[in-house]
Structure formats: structure tokens, C-alpha cells
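Counting starts at 1 for both ligands and their atoms, in listed order. The structure displayed is predicted, hence computed values, not measured ones.
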Amino acid sequence: MAQVLITGGAGFIGSHTCLVLLQAGHRLVVLDSFVTSNPASLRRVLELAGGVASERLTVIEGDLRQPSSLDRAFSAMAGRCDAVIHFAGLKAVAQSVHQPLLYWDVNVGGSTQLLSAMARNGCHTLVFSSSATVYGFPETIPIQETAPVLPINPYGHTKAAVERMLADLATSETHWRIARLRYFNPVGAHPSGQIGENPLGPPDNLFPYVSQVAVGRIARLQIYGDDWPTADGTGIRDYIHVMDLAEGHLAALEVLWNEQPQLLTLNLGSGIGHSVLEVVRAFEAASGRTVPYGVAPRRAGDAARSVADPSEAERRLGWRTRRDLETMCLDGWAWQSSHPDGFSSQASNP
Ligand code: NAD
Ligand code: UD1
């Protein structure tokens, strides 16, 4: 049993990863400010993990940027932190354009504080949530990890900056063990429908938007362009089931512990692209609901295609995605239909 600090563990990807790690027998301390999440997610995680899992999860409410919060989290581990998974951060591209300093402060400043606290507490093993956004407009599809890092918005710049900081650290202090995981498009939910994505306000991303249209919370989807150079004219992305992504984190931790690489940089995606229209049709089939849509102009900053080459992750981690688009939609609908208002849905609060 390892002890792992999870920053941002109450969020969408963090909560699913906490469940996978608890089920693997690990002890977790979550540090989260709940700025974009709800503590109810972690109560649900404990219910799903069952039995005595509550003895293996400590939740600390606090901000990553405050050394005192980090010290409380490390104190809860009683001197033994085997690894940190660093999910905490802000991720809304449009907000990052309007509030770049906030994004640099939370995503970069927060990461610097975390790394300093890790060093103070003798923990040098880290999994960092990076994003396919660091590739900007990719030149070649599928995208390999060796593709240029050329982000095109402040959010992407903050992810690239932390990646750079981690590479510099691994070069100068060779006892660090770091995985930089570049997620493609995480969607879906745990198949129980008890935890899932819980955006505050109107969703920015396609999948939660389609889910909320299907459940009747939003009237219709706007498809951002049907004139892209793709087979049906809509944008193509590599959607990855959040449970596959969560399992990828466990695989990365095990490789950092067992093989001791200094710096891993891996795409976590399926390698399969789906168009916006394919997602809409798959969601309609899974939910039995109609998803009304119109066509709007292209969104600034969008690329026609973004699809991972996941072969390096498979080679290094022995991990690959197992769940297809139909499963993503079925599980996403299980969550959305039972929680039309997310964790604040009256009927489903524990
Ligand atoms: P999320 O918003 O659901 O989770 C982020 C969590 O971090 C939340 O629980 C939030 O309360 C917490 N947090 C934010 N700022 C904090 C702070 N200063 N101190 C403490 N806690 C703080 O987002 P998510 O989708 O689970 O994303 C997790 C990570 O993965 C983020 O770093 C994000 O940039 C990255 N990522 C997400 C996606 C995606 O599409 N979901 C894609 C690529 C990368
Ligand atoms: C977006 C971000 C990216 C971030 C990723 C995950 C932008 C420009 N890019 O990527 O930096 O890493 O989310 O958080 O914001 N779409 C619609 N209608 C909608 C929403 C989306 O047609 O209401 C289309 C988009 O044009 C795109 C596809 O659906 O073709 C997927 O969009 P989205 O879910 O926002 O993900 P990304 O564009 O890949």
C-alpha cells in the first residue's frame, strides 16, 4: 500500500482516479479547494470503493498556492509520501484568455509551490496532468510526443510552462521521477453513474454540452463549423473514457515506482478520431434522446483534427484504452440522466 497525495482529487478526472487507486489498495490524501468541484464527489467515491476505504482517504480543503495548505496535506501523510498526482488547476480556455494572470498563478505558481513542498517533504515522484492543448495546431496526425510544443492560448501556455519546469527539474536533480501525461479529450463517467463531470455554468466542451442538451437542460447544440476538411465537415477529436484515463494514472505510478524513469512524456488517448456528428449520433443512440443542433461559425483556436498516437504510452505503461465511444456515451448518460444538475441534483444526494 502506497501513500499518494492527489491535488484536485475532487474534480472530474481526479475523482475517478481516486476510485481506481483506492480499489488498488492505496492510501490517499486529497488536497482540493473545491473551486470547480463538489466535495460530494469524494463521498461518492468512498461509497463506490465500499467497505473500509474511508480509512484510506483523507480530504484536506485548501489552496495549492498556500504553503500552509500543502504542509497540512503532507502532515496528514505522517512523513511518507510515495507520490503526488497533480490534477489541481484551471482548464477553461476562454476564461484563460480573459484572466491570464489567474491561470499563470494557479497552474504555474501552484505547481511551483507544490514542487517546493514535495522537496521539503522528501517526495520526488510526480504525475502531472498535461494536455494535448500543448500541441496547438498539430502538423501531423496522429500526434506523437515528439511533435512541437506550440500552444496557442494562455491555458496551453501554462501547461507547457509546467512541463518545461518539470523537465528542468529532472535534468538538474536526477532523483526526481516524473510523468507528464498529455490527455486528449476525457469524457464519460464511472458506469455506476454516481460520479461524473460537473461543470459549473454552461459547459465549454462538446461532450458535457451534448449531455446537457440530451437531458433537456440546454435547448440545442451549436456545432462549430461544418466546413472543416473532414469527411462530414465537423471537427475530429480523440475522446478517451475517464475510467481508461484513471487506469492510465495507476499504470504511470507503477512504472515510476518500479522502473524509476526520470522523465516520461506520454499521450493518453485512444488513437481513434470521432467527428462532432459521430458524437451526437452515438449519444442519441445511447440516451434514446434527440440532440437538436444548429451550425455556427468555427470557434477561434479550433483545429480540424486532434488524434493521439498512443503507442508510446502502450509501450512504456503496458496500458491502452479499452472503452469505445458507445461506452463513453452510455456511461456519460448514466451520470447525466441521474444527475441533471450535477452533484447538486436533489434526488441523488447521499
Ligand atoms: P476539474 O475542474 O474537474 O478538476 C480540477 C480540480 O482542481 C477541482 O477539484 C478544483 O477544485 C481543484 N483546484 C483548482 N484550483 C485549485 C487550487 N488552487 N488549489 C486546490 N485545488 C484546486 O478538471 P479535470 O477535468 O478533472 O482536470 C484535471 C486536470 O487535468 C487539470 O489540470 C486539467 O488542466 C487537466 N486536463 C483536463 C482535460 C479535460 O478535458 N478535462 C484535458 C487535459 C488536461
Ligand atoms: C478544448 C480546448 C483545449 C482543451 C480541451 C480539453 C479550445 C479551443 N480548445 O479542446 O485547449 O485542452 O478542450 O479541455 O477551447 N464543439 C462544438 N460545439 C460545442 C463544443 C465543441 O461543435 O459546443 C466542437 C469543437 O469545435 C471541436 C469538438 O467539438 O471540434 C471538441 O471540442 P471540445 O470538447 O471543446 O474539445 P477541444 O476543442 O479538443
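Within ligand 1, the atoms closer than 4.0 Å to a non-hydrogen atom of G62 are 19 (N), 20 (C), numbered from 1 in the order shown. Against a heavy-atom cut-off of under 4.0 Å, S129 is close to the following atoms of ligand 1: 29 (C), 30 (O), 32 (O), 35 (C). Below 4.0 Å from some heavy atom of D204 lie the following atoms of ligand 2, by number and element: 20 (C), 35 (O). The atoms of ligand 2 that sit less than 4.0 Å from any heavy atom of D302 are 8 (C), 25 (C), 26 (O), 38 (O). Listed by number with element, the atoms of ligand 1 under 4.0 Å from a non-hydrogen atom of F34 are 11 (O). Atoms of ligand 1 found under 4.0 Å from any heavy atom of T36, numbered from 1 in the order shown, are 1 (P), 2 (O), 5 (C), 8 (C), 10 (C), 11 (O). Listed by atom number, the atoms of ligand 1 under 4.0 Å from L64 heavy atoms are 17 (C), 18 (N), 19 (N), 20 (C). Heavy-atom proximity to S130, at under 4.0 Å, picks out these atoms of ligand 1: 43 (C), 44 (C). Under a 4.0 Å criterion applied to the non-hydrogen atoms of S131, ligand 2 contributes the atoms 12 (O). Each of the atoms 43 (C), 44 (C) of ligand 1 lies under 4.0 Å from some heavy atom of S131. Annotation for ligand 1: atoms under 4.0 Å from non-hydrogen atoms of K159 are 31 (C), 32 (O), 33 (C), 34 (O).
Looking at heavy atoms from C-beta onward, Y135 lies in side-chain contact with E145 at the 4.5 angstrom threshold. Proximity of R44 to S15: side-chain heavy atoms (C-beta onward) are nowhere separated by under 4.5 Å. In this structure the side chain of V59 never reaches within 4.5 angstrom of the side chain of P39, judged on heavy atoms. Between V84 and L114, the closest side-chain pair of non-hydrogen atoms falls below 4.5 Å. You'll find the side chain of F184 reaches within 4.5 Å of the side chain of I143, heavy atoms only. Contact check for R298 versus D227: side-chain heavy atoms found under the 4.5 Å cut-off.
A salt bridge is absent between E278 and R281: the closest approach of a Lys/Arg side-chain nitrogen to an acidic carboxylate oxygen does not fall below 4.0 angstrom. Taking a cutoff of 4.0 Å between a charged side-chain nitrogen and a carboxylate oxygen, R27 and E55 do not qualify as a salt bridge. A salt bridge links R237 to D302: at least one charged side-chain nitrogen sits closer than 4.0 Å to a carboxylate oxygen. Electrostatic pairing of E254 and R316 does not count as a salt bridge here, judged by no charged N lying under 4.0 Å from a carboxylate O. Ion pairing between a basic and an acidic side chain is recognised when a charged N comes within 4.0 Å of a carboxylate O; D71 and R120 show such pairing.
Shown are V187, T321, D324, D331; of these, the side chain to side chain contact (heavy atoms under 4.5 Å, CB included) with H241 is made only by D331.
Counting heavy atoms under 4.0 Å from ligand 2, residue N205 touches it through both backbone and side chain. Under 4.0 angstrom from ligand 2, the non-hydrogen atoms of N185 all belong to its side chain. The parts of L206 lying near ligand 2 are both backbone and side chain, judged by heavy-atom distances below 4.0 Å. Neither the backbone nor the side chain of I236 has a heavy atom within less than 4.0 Å of ligand 2. Contact annotation: for S69 versus ligand 1, there are no heavy atoms closer than 4.0 Å. The proximity of R299 to ligand 2, defined as any non-hydrogen pair under 4.0 Å, is limited to the side chain.
By the 6.0 Å and 45° rule, R177 does not stack over the aromatic ring of W257.
The protein heavy-atom contact nearest to atom 21 (N) of ligand 1 is S33 N, 3.2 Å. What sits closest to atom 18 (N) of ligand 1 on the protein, heavy atoms only, is D63 OD1, 3.1 Å. Protein heavy atom closest to atom 11 (O) of ligand 1, with residue, atom name and distance, is D32 OD1, 2.6 Å. When hydrogens are left out, the protein atom nearest atom 4 (O) of ligand 1 is G11 CA, 3.4 Å; that is the closest non-hydrogen contact. Scanning all protein heavy atoms for the shortest distance to atom 27 (O) of ligand 1 gives I13 CD1, 3.8 Å. The protein atom (non-hydrogen) at minimum distance from atom 18 (N) of ligand 2 is Q222 O, 2.8 Å. What sits closest to atom 40 (O) of ligand 1 on the protein, heavy atoms only, is P186 CD, 3.3 Å. Nearest protein heavy-atom neighbour of atom 11 (O) of ligand 2: T133 OG1, 2.8 Å. When hydrogens are left out, the protein atom nearest atom 25 (O) of ligand 1 is K91 NZ, 2.7 Å; that is the closest non-hydrogen contact.
The shortest non-hydrogen separation linking F74 to C81 is CE2-SG, 3.9 Å.
To the nearest 0.5 Å, the span separating CE on M77 from CG on N121 amounts to 9.5 Å. Atom-to-atom distance recorded for Y103:OH and L90:CG is 4.5 Å, nearest 0.5 angstrom.
Geometrically, ligand 1 and H86 share no nitrogen or oxygen pair separated by less than 3.5 Å. In terms of polar-atom proximity, F87 is counted as a contact of ligand 1, with an N or O under 3.5 Å from an N or O of the ligand. For ligand 2, one of its N or O atoms has an N or O atom of R237 under 3.5 Å away. Taking distance alone, with nitrogen or oxygen atoms compared against 3.5 Å, Y155 stays at or beyond that limit from ligand 2. Of the N or O atoms in F12, one or more lie within a sub-3.5 Å distance of an N or O in ligand 1. Residue-to-ligand polar distances place V35 within reach of ligand 1: an N/O pair is separated by less than 3.5 Å.
Aromatic ring orientation, F283 versus F207: perpendicular (interplanar angle above 60°, classes split at 30° and 60°). Classification of the H124-H175 ring pair by plane angle, with boundaries at 30° and 60°, yields perpendicular. Taking the six-membered ring where the residue is Trp, W335 and F343 present tilted rings, their angle falling between 30° and 60°.
Across F207, Y155, Y183, heavy-atom proximity to atom 33 (C) of ligand 1 is greatest for Y155. For the residues I152, N153, V276, the heavy atom positioned nearest atom 29 (O) of ligand 2 is part of V276. The closest non-hydrogen atom to atom 20 (C) of ligand 2, taken over Y183, Y224, Y135, Y209, comes from Y224. When the options I218, V280, V93, T234 are ranked by their closest heavy atom to atom 15 (O) of ligand 2, first place goes to V93.
Checked by atom type, the side-chain pair S270/D238 shows a donor-acceptor distance below 3.5 Å.
At least one heavy atom of Y239 sits less than 4.0 Å from an atom of ligand 2. Contact annotation: S41 has no heavy atom less than 4.0 Å from any atom of ligand 1.
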Determine, stepwise, if the pair Q3 / D82 fulfils side-chain hydrogen bond (donor to acceptor under 3.5 Å, both in side chains).
CA-CA 5 Å; Q3 293 208 98; D82 297 305; 5.6 Å; no
